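A short worksheet on the structure shown next.
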Amino acid sequence: MDLDALYARAVQAAENSYSPYSRFRVGAALLAADGEIFTGCNIENRSYGLAICAERSALAAAVSAGKRKFIAVAIATPDADYPVGPCGACRQVLSEFMGKNAPVYFGGRSGGRVTASIGELLPHDSLYELAEK
Ligand code: THU
């Protein structure tokens with residue numbers, strides 16, 4: 001699995017970010033189990049609390065296209081000079097459709113990249129026993 005190629009798709013997706021309020025662009029690229037890639041960006045609103053994160057926007061596109069199993073996700077935050085991991089809500093939502101060991105690969109404007117599994121990012125997964133198997 002080429003996480004750098006997936007990351008390049010996340011960087012591209014961040015270009016479509018609609019983030020006039022935070023001026024913080026985010027792009028996400030999800031690799032489906034069948035090899036297809038789905039991307040998303042953050043979408044803000046003048047009612048600030050309605051912002052949709054890039055990760056959830058990519059998931060909405062992918063699930064709407066009939067995919068339910070993802071083996072990796074890359075997240076790009078070109079306006080930060082350090083790698084920014086997914087927010088807590090996105091960790092929970094990603095965990096619905098990704099295995100505990102699936103890599104989450106993220107980076108900022110500079111070269112540093114971080115890889116962590118969903119299991120590491122969401123320890124003691126809430127409601128794990130209710131998860132679809
Ligand atoms: N954001 C994401 O898209 N993903 C995250 O995981 C963290 C936050 C967005 C939401 C908002 O549009 C902007 O980044 C600043 O919080």
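First listed ligand is number 1; within each ligand, the first listed atom is number 1. Note that this is a predicted model, so its numbers are computed, not measured.
- Atoms of ligand 1 lying under 4.0 Å from any heavy atom of P86, numbered from 1 in the order shown and given with element: 6 (O).
- Here the heavy atom of the protein found nearest to atom 7 (C) of ligand 1 is C87 CB, 4.0 Å.
- For ligand 1, the atoms closer than 4.0 angstrom to any heavy atom of S22 are 13 (C), 15 (C).
- Judged purely by atom type and a 3.5 angstrom limit, S17 has no side-chain atom pairing as donor or acceptor with the backbone of C41.
- From the protein, the heavy atom lying nearest to atom 11 (C) of ligand 1 is E44 OE2, 3.2 Å.
- Look at S19 and you'll find every heavy atom at least 4.0 Å from all atoms of ligand 1.
- By the definition of a contact as any protein heavy atom under 4.0 Å away, atom 3 (O) of ligand 1 is in contact.
- Geometrically, ligand 1 and A54 share a nitrogen or oxygen pair separated by less than 3.5 Å.
- Looking only at heavy atoms of the protein, atom 9 (C) of ligand 1 is closest to N42 ND2, 3.6 Å.
- The closest side-chain donor-acceptor pair between S110 and D81, if any, does not fall under 3.5 angstrom.
- Taking all atoms of both residues into account, the shortest heavy-atom contact from R113 to G107 is NH1-CA, 3.8 Å.
- The option from C53, G40, G27, P20 that lies nearest to atom 8 (C) of ligand 1, judged by heavy atoms, is C53.
- In summary, R23 and D79 do not engage in a salt bridge, as defined by a charged side-chain N under 4.0 Å from a carboxylate O.
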Does S117 form a side chain to side chain donor-acceptor pair (under 3.5 Å) with N101? I'd like the steps, not just the answer. CA-CA 5 Å; S117 68; N101 295 321; 5.0 Å; no

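- In this pair, Y21 and Y48 present their aromatic rings tilted. The plane angle is within the 30 to 60° band.
- Here the side chains of I75 and E55 are in contact, with some heavy-atom distance below 4.5 Å.
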